[in-house]
Amino acid sequence: MAITGIKGFNDILPGEVEKWQRIEATARRVFQIYGFSEIRVPIMEKTELFSRSIGDATDIVEKEMYSFTDKGENRVTLRPEGTAGVIRSYIEQKLHVLDPVTKLYYMGPMFRYERPQKGRYRQFHQIGAEVVGVTNPRIDAQVLIMLRHFFRDLGLTEPTLQINSLGCPECRPAYRAALKGYLEERRELLCDDCRRRMESNPLRALDCKVPGCGQATAEAPSVLDHLCRGCDDHFVAVRRHLDATETSYAVNHRMVRGLDYYTRTTFELVTGLLGSQSAVAAGGRYDGLIQELGGPNLPGIGFAMGVERVALLLSANASAKAPDLFIAAHGEAAGDEAFRLMTLLQGQGFRVELDYEGKSLKSQMRRADKLGARHTLIIGEDELANGRGMLKEMATGVQLELILEAALLAEALSSQPSP
RNA sequence: GUGGCUAUGGUGAAGCGGUUAACACUUACGACUGUGACUCGUACAUACGUGGGUUCAAAUCCCACUAGCCACCCCA
């Protein structure tokens, strides 16, 4: 039995990988427009970093992390998300002294030990961006605008933007208490999970998909009615900037977060096309996180998108680039000449293919056709004796004889632009 | 961690207790023309996820395991 890959860890093969390249290239290009620089941080960190930033009581930390002890007796974890490592680096490298505003993006694999299903894998990939140092709600709006820009450039209009505010340490406790009180009164209507959630994280009940809970919480108090003055002003301003820039969005006051560090603005880009994995990108503001991790008291905001999920939304339109020329050679000497010419032309940037195994001319022509070569150069023994070959344009079948010289070939190939 | 469904070659699949394990695609070679696409021919599963069991006989029935998918949970 051959060795197989690990459950939930996938290969990305040619044909699929082109979509990834497009996603990554689009992200790089768009994010740079908005002043973001790439940062590359390790995929492993000390376990403590994640338990402190994400929150001890979250599902991620409680049961989904790939944690182990290395040979030096250190507790380490394969990163389950990107923000913690980036912020750790920001603090450790003292990036705040270089510039009061730091805009970073990253891309790479993340790891969570979950049961795989559509759009959810144990090794998955995120592209994320973080801004440190700006409190003004304009940055919240800008991050959202950038996200929309990214999806627009990918040709995706489907994911819709939902926003919410979770308040801050000033106002959230009061809301939490109010919600908890409301839930207590309807305890018997709630599912078992939600009864448990009332204690640990009552906000989660708002997100429950059990129909009974949906009804029971339909009239639940909204976070947005419990925001303190500062948070309310902030949220109103974010919306004002989105309106002013004609960025479409919907307020979803029931949206909650799985990570503890979020404050104020939170958002998701959701789609109905991915089964139950509706979130394509999500993020929010995390004003206390940097200080919590031992850094300066600076605000932050960021998001991450799931590359697999974006790729699922992208229609498969990728194809390998067809060769400019296929050289079909008949005979050993012709094969040598074919190889020589191929090398010269490749040096000039032409995509050239040939047959390596000395197969029949018919086989070689079939392969030229299959690869979609625009031209085929046929070198037979007779032609070779005269230093000539037949150049055939595959689409039309037109062929002409020419002298076997790389410069002449290059000219012939360039003179007929690709369709 | 829980539940449902599925498991035949490189791929999609027929098959429902006794078949040379159909068919299509892909791939390879060949015919038509020393030169592709269309057409035609030939080849390609000692083998039906793994291990047991029932039976004269199992890809076909039973059990276990494993894997995959989908859903719950949670999330990107």
Side-chain angles (χ1 to χ4, degrees), chain A residues 1-2 4-8 10 13 23 54 57-65 79-83 107-128 147 159 191-194 196-197 201 204 207-210 255-259 267-271 274-284 302-313 326-331 334 355 357 359-383 389-399 401:
Chain A
M1 193 62 170
T4 59
I6 302 171
K7 181 204 275 279
N10 301 127
L13 301 175
I23 292 166
I54 298 169
T58 59
D59 280 21
I60 292 175
V61 171
E62 275 185 354
K63 49 193 190 193
E64 294 176 0
M65 294 206 301
R79 63 182 182 191
E81 60 99 41
T83 301
M107 48 183 72
M110 307 293 162
F111 305 86
R112 290 183 201 171
Y113 193 88
E114 298 179 276
R115 201 66 173 261
Q117 65 187 75
K118 183 172 188 172
R120 196 177 76 182
Y121 312 100
R122 289 185 174 178
Q123 174 176 320
F124 62 104
H125 297 76
Q126 288 188 334
I127 298 176
L147 255 176
C191 69
D192 293 345
D193 283 334
C194 285
R196 189 167 40 73
R197 286 184 186 120
N201 191 348
R204 284 277 173 75
D207 205 31
C208 186
K209 292 181 184 99
V210 175
M255 188 174 78
V256 297
R257 294 279 70 167
L259 285 64
F267 52 87
E268 282 182 8
L269 267 93
V270 299
T271 174
L274 253 44
S276 61
Q277 260 57 246
S278 57
V280 175
F303 66 83
M305 72 178 92
V307 180
E308 283 84 353
R309 293 180 184 182
V310 177
L312 283 170
L313 295 178
F326 188 96
I327 308 181
H330 193 65
D355 161 65
E357 309 292 356
K359 290 185 175 164
S360 71
L361 190 56
K362 173 197 287 293
S363 288
Q364 297 186 54
M365 290 302 294
R366 272 188 185 152
R367 184 161 169 76
D369 184 59
K370 183 179 162 250
L371 293 175
R374 283 199 295 119
H375 296 270
T376 300
L377 175 67
I378 300 154
I379 308 176
E381 272 142 354
D382 301 343
E383 288 100 326
M390 298 293 280
L391 185 67
K392 179 169 187 170
E393 186 181 25
M394 298 300 274
T396 61
V398 173
Q399 55 184 37
E401 194 176 64

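Just so we're clear, the structure is a prediction, and the values are computed from it rather than from any experiment. In what follows, every chain begins at residue 1, and chains take the letters A, B, ... in the order their sequences are listed.
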Among the nucleotides C73(B), A28(B), C72(B), whichever has the atom closest to the side chain of Lys359(A) is A28(B)
Between A59(B) and G17(B), how far apart are the C1' atoms? Round to whole Å, please.
11 Å
Nearest-nucleotide wise, let me know which of Glu268(A) and Tyr113(A) is further upstream toward the 5' end of RNA chain B.
Tyr113(A)
Using the C1' atom as the reference point in each nucleotide, state the distance between U39(B) and U33(B) in Å, no decimals.
14 Å
In whole Å, what separates the C1' atom of A58(B) from that of U54(B)?
10 Å
With the side chain defined as heavy atoms from C-beta on, Gln117(A) is closest, among A76(B), C75(B), A71(B), to A71(B)
Base-pair map of RNA chain B as dot-bracket, where | denotes pairing with a different strand and pairs are Watson-Crick or G-U under 3.5 Å:
((((((((.[[[..)..(....]]].(((((.......))))).....[[[[[..)....]]]]])))))))....
Where do Val307(A) and Met107(A) land on the side chain to side chain contact (heavy atoms under 4.5 Å, CB included) test, with the steps shown first?
CA-CA 9 Å; Val307(A) 180; Met107(A) 48 183 72; over 6 Å; no
So what does Leu259(A) hit on the nucleic acid, given a heavy-atom distance under 4.0 Å: a base, only sugar-phosphate, or nothing?
sugar-phosphate
Do you know which two heavy atoms are closest between Gln123(A) and Phe111(A), and how far apart they sit?
OE1-CE2, 3.2 Å
Tell me the interatomic distance from Glu114(A), atom CD, to C70(B), atom C1', rounded to whole angstroms.
15 Å
Over all heavy atoms of both residues, which pair between His375(A) and Leu391(A) is shortest? Give the atoms and the distance, please.
CB-CD1, 4.0 Å
Selection from G30(B), C75(B), A76(B) that lies nearest to any side-chain heavy atom of Ser360(A):
G30(B)
Closest to side chain of Lys7(A), choosing from A76(B), C73(B), G68(B):
G68(B)
G15(B) to A22(B) separation - C1' atoms, rounded to the nearest Å
8 Å
Taking the same atom, P, in G30(B) and in U66(B), what whole-Å distance lies between them?
49 Å
Does Arg309(A) contact C75(B) through a side-chain donor or acceptor facing the base, at a distance under 3.5 Å?
yes
What pair of heavy atoms forms the shortest contact from Glu81(A) to Gln126(A), and how long is it?
CA-OE1, 4.1 Å
How many Å lie between CD1 on Ile127(A) and P on A76(B), as a whole number?
15 Å
Which is true for Ala368(A) with a 4.0 Å heavy-atom rule: it touches a base, it touches only sugar-phosphate, or it touches nothing?
nothing
Closest approach of Asp355(A) to Phe326(A) (non-hydrogen atoms, all atoms of both residues)
N-CZ, 3.7 Å
C1'-based separation of C75(B) from A71(B) [nearest Å]:
15 Å
C73(B) versus A7(B) - spacing of their P atoms, nearest Å
28 Å
Calculate the interatomic distance between Arg122(A) atom CZ and C74(B) atom C1'; express it in whole Å.
14 Å
Do you know which two heavy atoms are closest between Gly119(A) and Leu312(A), and how far apart they sit?
CA-CD1, 3.9 Å
Option among Glu64(A), Arg112(A), Met110(A), Glu114(A) that satisfies the side chain to side chain contact (heavy atoms under 4.5 Å, CB included) test with Pro80(A)
Arg112(A)
Using atom P of each nucleotide, how far apart are U50(B) and U60(B) to the nearest Å?
11 Å
Under a 4.0 Å N-O cut-off, is there an ion pair linking Glu393(A) with Arg374(A)?
no
Can you tell me the distance, in whole Å, between the CZ atom of Phe111(A) and the P atom of C75(B)?
20 Å
Heavy-atom donor-acceptor pair, Arg115(A) side-chain to C75(B) base, under 3.5 Å
no
Hey, which of these two, Gln126(A) or Ile6(A), hits RNA chain B nearer its 5' end, going by closest nucleotide?
Ile6(A)
Could you state the CZ-C1' distance from Arg112(A) to G1(B), rounded to the nearest angstrom?
17 Å
Base, sugar-phosphate or nothing for Ser363(A)? Non-hydrogen atoms, less than 4.0 Å.
sugar-phosphate
Rounded to whole Å, CG of Leu377(A) lies from C1' of G34(B) at a distance of 15 Å
Review item, nucleotides 35-39 of chain B N/O atoms under 3.5 Å of protein N/O:
residue	atom	partner	partner atom	Å
U35(B)	O2'	Lys392(A)	NZ	3.0
U35(B)	O2	Lys392(A)	NZ	3.4
U35(B)	O2	Gln399(A)	OE1	3.0
U35(B)	N3	Gln399(A)	OE1	3.1
U35(B)	N3	Gln399(A)	NE2	3.0
U35(B)	O4	Gln399(A)	NE2	3.2
G36(B)	O2'	Asp369(A)	OD2	3.2
G36(B)	N7	Lys392(A)	NZ	3.3
G36(B)	N1	Met394(A)	O	2.5
G36(B)	N2	Asp369(A)	OD1	3.3
G36(B)	N2	Met394(A)	O	3.0
G36(B)	N3	Asp369(A)	OD1	3.3
A37(B)	O4'	Asp369(A)	OD2	3.3

Atom pair distance, as rounded to whole Å: CG in Asp59(A) and P in U2(B):
16 Å
So, for Leu313(A) and Pro159(A), which heavy atoms are closest and what is the spacing to 0.1 Å?
CD1-CG, 4.2 Å
Would Ile23(A) and Ile127(A) satisfy side chain to side chain contact (heavy atoms under 4.5 Å, CB included), going step by step from the backbone distance to the final call?
CA-CA 9 Å; Ile23(A) 292 166; Ile127(A) 298 176; 3.7 Å; yes
Could you tell me the separation between the OH atom of Tyr121(A) and the P atom of A71(B), rounded to a whole number of Å?
10 Å
Arg257(A) and Glu268(A) ion-paired at < 4.0 Å:
yes
